[in-house]
Amino acid sequence: MNNRLTVLAGPTAVGKGTISTYIRQNHPEVWFSVSATTRPRRPGEIDGVHYHFLTDDAFDALIAEGRLLEYAVVHGRHRYGTPAAPVEEKLEQGIPALLEIDLQGARQVKEKMPDARFVFLAPPTWEELVSRLTGRGTESEEEQERRLATAKRELAAESEFDVIIVNDHVRTAAEELLSLMGISTSD
Ligand code: 5GP
């Protein structure tokens with residue numbers, strides 16, 4: 001059986017999180033990789049569920065031991081990375097696996113696993129992306145500026161991807177992604 005890893009990337013605040021939430025709630029058969037990060041936990045986030053929250057030293061150790069499939073500094077600040085073993089395990093078991101990572105990480109996965117399916121989630125318009133980014137209200141102004149700069153650079157990378165999904169509507173975009181993964185969305 002040909003179980004391909006699916007990598008979902010796209011600019012910050014494009015709505016990767018809402019697509020993931022929709023899929024988590026409606027398609028528990030999809031496995032989501034839990035990333036390691038050095039970013040502090042936000043209220044409501046659970047260690048081991050949303051992320052593995054690590055110290056810099058613990059993150060360094062994962063890199064040194066070669067246990068990350070990819071890792072990157074995102075928004076010029078904290079490190080995020082995908083533990084390799086769980087991904088390999090799920091693929092071997094034939095379980096549909098999804099990585100929701102940044103562009104730099106997606107490029108590293110492409111080097112290591114060129115057969116993976118690379119999906120770019122695009123905003124309907126740049127204005128929509130800006131309004132989503134500033135409307136979230138969880139980051140400082142300085143942090144928002146930093147994220148906008150990252151988003152601008154990331155938007156230019158569409159062409160590197162196999163498929164582009166425009167996030168006009170959460171359910172439609174999520175179902176498009178699921179259908180690419182070979183998962184039936186009719187009840
Ligand atoms: P946040 O801090 O808002 O949870 O995530 C910030 C960004 O980090 C998101 O754009 C997300 O895609 C990216 N990210 C999350 N996990 C990983 C990972 O394991 N590797 C990489 N390269 N990026 C990640």
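Atoms within a ligand are numbered from 1 in the order they appear, just like the ligands themselves. Numbers here are sequence positions counted from 1.
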Residue pair [X] / [Y], side-chain heavy-atom distance below 4.5 Å:
{"X": "Pro40", "Y": "Phe53", "result": "no"}
{"X": "Ile165", "Y": "Ile19", "result": "no"}
{"X": "Lys112", "Y": "Glu70", "result": "no"}

### Message
Measuring from atom CG of Leu8 to atom CZ of Phe120, what distance do you get when rounded to the nearest 0.5 angstrom?
### Response
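One finds 10.0 Å between CG of Leu8 and CZ of Phe120.
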Which atoms from ligand 1 have a heavy atom of [X] less than 4.0 Å away?
{"X": "Thr82", "value": "19 (O)"}
{"X": "Gly105", "value": "22 (N)"}
{"X": "Tyr51", "value": "1 (P), 4 (O), 5 (O), 15 (C), 16 (N)"}

### Message
Tell me the contacting part of Val74 for ligand 1: side chain, backbone, both, or neither, using a 4.0 Å heavy-atom threshold, strictly below.
### Response
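It is the side chain that touches ligand 1; the backbone stays farther off.
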### Message
Checking contacts here: is it the side chain or the backbone of Arg39 that comes within 4.0 Å of ligand 1, counting heavy atoms only? Could be both or neither.
### Response
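Contact part for Arg39 vs ligand 1: side chain (C-beta onward).
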### Query
Is the backbone N or O of Arg42 less than 3.5 Å from a side-chain atom of Glu45, with the two atoms forming a donor-acceptor pair by type?
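Yes, Glu45 side chain to Arg42 backbone: donor-acceptor pair under 3.5 Å.
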### Query
Do Tyr80 and ligand 1 have an N or O pair less than 3.5 Å apart?
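Yes; at least one N/O pair falls below 3.5 Å.
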### Query
For Glu141, does the CD atom sit with more than 12 other heavy atoms under 6.0 Å from it, leaving out its own atoms?
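It does not: Glu141 CD has 12 such atoms or fewer within range.
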### Close approach of Tyr71 to ligand 1, heavy atoms, under 4.0 angstrom
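Not so, Tyr71 does not reach ligand 1.
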### Query
Nearest to atom 18 (C) of ligand 1 by heavy atom, Arg42, Glu70, His50: which?
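It is Glu70 that holds the nearest heavy atom.
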